[in-house]
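Note sheet for the following structure.
Just follow the structure's listing: the first ligand is 1, and inside any ligand the first atom is 1.
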Amino acid sequence: MSWGSARALAAGAACPLKPREVPLQDALGCRLAAPLRALVPVPGVDVAAMDGYAVSGPRPWRVLGRVLAGGAPHAGPLRAGEAVEIATGAPVPEGTSSVLPWELASVGDGRVDGAAEPGRHMRRRGEDIPEGTAVLGAGAVVTPVALGLAAALGHDTLPVRPRPQVAVLVTGDEVVTEGLPGPGRVRDAIGPFLPGLVRWAGGRVTDVITLPDGPQALHAALGSPGDVVVVCGASSQGPADHLRAVLGDLGADVLVDGVAVRPGHPQLLARLPGGRLLVGLPGNPFAALAAALTLLAPVLCELAGTPAPRETSALAGPVRTHPRDTRLVPVRRSARGAVPVGHDRPGSLWGAALADALAVVPAGWAGEQVELIELPPGV
Ligand SMILES: Nc1nc2c(c(=O)[nH]1)N[C@H]1C(S)=C(S)[C@@H](COP(=O)(O)OP(=O)(O)OC[C@H]3O[C@@H](n4cnc5c(N)ncnc54)[C@H](O)[C@@H]3O)O[C@H]1N2
Ligand code: MOO
């Protein structure tokens, strides 16, 4: 299957998850499932915008008392010639014609005087945001700032597209997860990059489980909870690659079995009985990254309701093409175009770690602009 068809098929195989109402802090990074509306006007009542004196009518004014934000409001309306000392954010009494900042006020003998401009230094109820206004549309990303806005508008929870939950199964008798790998051993380089990549694509890794080679352990682990299961290694058809056999036993529907892309051609997408999707990534780490961006990222973007960004660029440097398959080439974007960074062997993440995108170079490429797939940035 071509690289483009595999990506499109992966996106089409996933349906957006049902919206859920979640506490504010849990909504960070999710997409809003409905417009964010102002449950209250901002400000809630007419308030002072400066520390000073709320005054009524022409100067000078007799000072009747003091109103603080969060304190008791002034009892009754202000009449012409009357004032109260007031703090920024405190409700101005009915009848206030202006707020005179303390810097402009002369005070003495229970009176205040100064050049007050009618209507100045007050914020009217709903002047910043009228009640009921839709301030952000459905589909907007809940940023840290959006959380502050939602709180100001009276929300304790938000309706969002939930983050798809991803279980990661890392297979291989030779794979170790800490320390220096001994002879015949290799450090797991895929389990450490998947949580960040998954989060960037809108999901959340719930578990990274390391499994020995063998069908029993894999069969049992495929029951791990999650909207998507990712299996690393075991995607090829060697003597220790049991994924296909296990999927056959389970009666899974294999939707993609190999993609015409280098690296990463032995990748796989299947629908498990019950409807969950499984993505099989090759064991070579750069091949696994290429496959994750080909099949896993589109699945997660679709489940999370996140549109996948599209970007094209000229290539500013030589690349090798493949006679039949698309090549994914680590590049750094620059004003001259995307510069290949090299070090792009399937077994190493060196080139990808130097790069900020992968250039999609089709077979038979003749120098035209290429698509770029962004690599997850650090946060
Ligand atoms: N006869 C063929 N053999 C292979 C083909 C092929 O087309 N015909 N394709 C090769 C390619 S390309 C890849 S990629 C691998 C994919 O194999 P698997 O997904 O089954 O992965 P493994 O065989 O388990 O491992 C491959 C390689 O990667 C190392 N590895 C495995 N897991 C990890 C990990 N978590 N972190 C770091 N490195 C890992 C493993 O030790 C092997 O060296 O198949 C080729 N063979
Ligand atoms: O996926 Mo392999 O090269 O394509 O390492």
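A ring-ring contact (aromatic ring centres under 6.0 Å, His included) check over residues 275-315, counting only residues at least two apart or in different chains, returns nothing.
The closest protein non-hydrogen atom to atom 23 (O) of ligand 1 is D241 OD1, 4.0 Å. The protein atom (non-hydrogen) at minimum distance from atom 6 (C) of ligand 1 is H265 CE1, 4.1 Å. Protein heavy atom at the shortest distance from atom 41 (O) of ligand 1 is E174 OE2, 2.7 Å. From the protein, the heavy atom lying nearest to atom 2 (C) of ligand 1 is S236 OG, 4.5 Å. What sits closest to atom 19 (O) of ligand 1 on the protein, heavy atoms only, is S235 OG, 2.7 Å. Here the heavy atom of the protein found nearest to atom 35 (N) of ligand 1 is D188 OD1, 2.9 Å.
Close approach of ligand 2 to N284 (heavy-atom distance below 4.0 Å) involves ligand atoms 5 (O). With ligand atoms numbered from 1 in the order given, ligand 2 contributes 1 (O) to contacts under 4.0 Å with heavy atoms of P266. Near V175, meaning under 4.0 Å from any of its heavy atoms, are these atoms of ligand 1: 32 (N), 33 (C). The P346 neighbourhood of ligand 2 comprises atoms 3 (O), 5 (O), with distances under 4.0 Å to a heavy atom of that residue. Close contacts between ligand 1 and V170 involve ligand atoms 35 (N) [criterion: under 4.0 Å to a heavy atom]. When each atom of ligand 2 is checked for a heavy atom of A287 under 4.0 Å away, the hits are 1 (O), 2 (Mo), 5 (O). Those atoms of ligand 2 with a heavy atom of P263 less than 4.0 angstrom away are 1 (O), 3 (O), 4 (O). Of all atoms in ligand 2, numbered sequentially from 1 with element shown, those under 4.0 Å from a heavy atom of H265 are 1 (O), 4 (O).
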Margin query: Run the side chain to side chain contact (heavy atoms under 4.5 Å, CB included) test on L147 and Q25 for me, step by step, so that the C-alpha distance in whole Å, both residues' side-chain angles and the decisive distance to 0.1 Å come before the verdict.
Written below: CA-CA 8 Å; L147 283 184; Q25 289 305 328; 3.8 Å; yes
Check: Is there a side chain to side chain donor-acceptor pair (under 3.5 Å) between D113 and S106 once you walk through the steps?
Finding: CA-CA 5 Å; D113 196 4; S106 323; 5.8 Å; no
Next item on the list: Could you check I190 against V170 for side chain to side chain contact (heavy atoms under 4.5 Å, CB included), going step by step and ending with a plain yes or no?
Entry: CA-CA 8 Å; I190 306 173; V170 178; 5.5 Å; no
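Under 4.0 angstrom from ligand 1, the non-hydrogen atoms of N284 come from both its backbone and its side chain. Contact annotation: for V186 versus ligand 1, heavy atoms closer than 4.0 Å belong to the side chain alone. At a heavy-atom cutoff of 4.0 Å, ligand 1 is contacted by the side chain of P266 but not by its backbone. Using a 4.0 Å cut-off between heavy atoms, A291 makes no contact with ligand 2 at all. The proximity of A234 to ligand 1, defined as any non-hydrogen pair under 4.0 Å, is limited to the backbone.
Atom CD of E311 is surrounded by more than 12 heavy atoms from other residues, nucleotides or ligands within 6.0 Å. For R20, the CZ atom is loosely surrounded, since the number of other residues' heavy atoms within 6.0 Å does not exceed 12. W365 CH2: more than 12 foreign heavy atoms inside a 6.0 Å radius.
Side-chain contact between E174 and D213: present, with at least one pair of heavy atoms (C-beta onward) separated by less than 4.5 Å.
A donor atom on one side chain and an acceptor atom on the other are not found under 3.5 Å apart for S56 and E82. With no hydrogens or angles considered, no side-chain donor-acceptor pair links Q165 and T206 at under 3.5 Å. Using modelled atom types, one finds no donor on one side chain facing an acceptor on the other under 3.5 Å when comparing T177 with D188.
A heavy-atom separation below 4.0 Å is found between R187 and ligand 1. At a 4.0 Å cut-off, not a single heavy atom of R262 sits close enough to ligand 2 to count as contact. For the ligand labelled ligand 1, residue P285 lies inside the 4.0 Å heavy-atom shell.
At a distance under 4.0 Å, a protein heavy atom can be found next to atom 27 (C) of ligand 1.
Side-chain heavy atoms closer than 4.5 Å link hydrophobic residues (I, L, V, M, F, W, Y) into clusters, and following such links, possibly through other members, connects L293 to L269.
Apart from V145 itself, the hydrophobic cluster it occupies contains nothing, where clustering links Ile, Leu, Val, Met, Phe, Trp and Tyr at side-chain heavy-atom distances under 4.5 Å.
Inclusion of G283 in the set of residues having an N or O under 3.5 Å from an N or O of ligand 1 is warranted. The N/O atoms of A189, backbone and side chain alike, include one that comes under 3.5 Å of an N/O atom in ligand 1. Note: an N/O pair closer than 3.5 Å links G264 and ligand 2 by distance alone.
Under a 3.5 Å cut-off, the side chain of R332 and the backbone N or O of L354 do form a donor-acceptor pair.
Heavy-atom minimum distance, P164 versus D227: CA-OD2, 3.4 Å.
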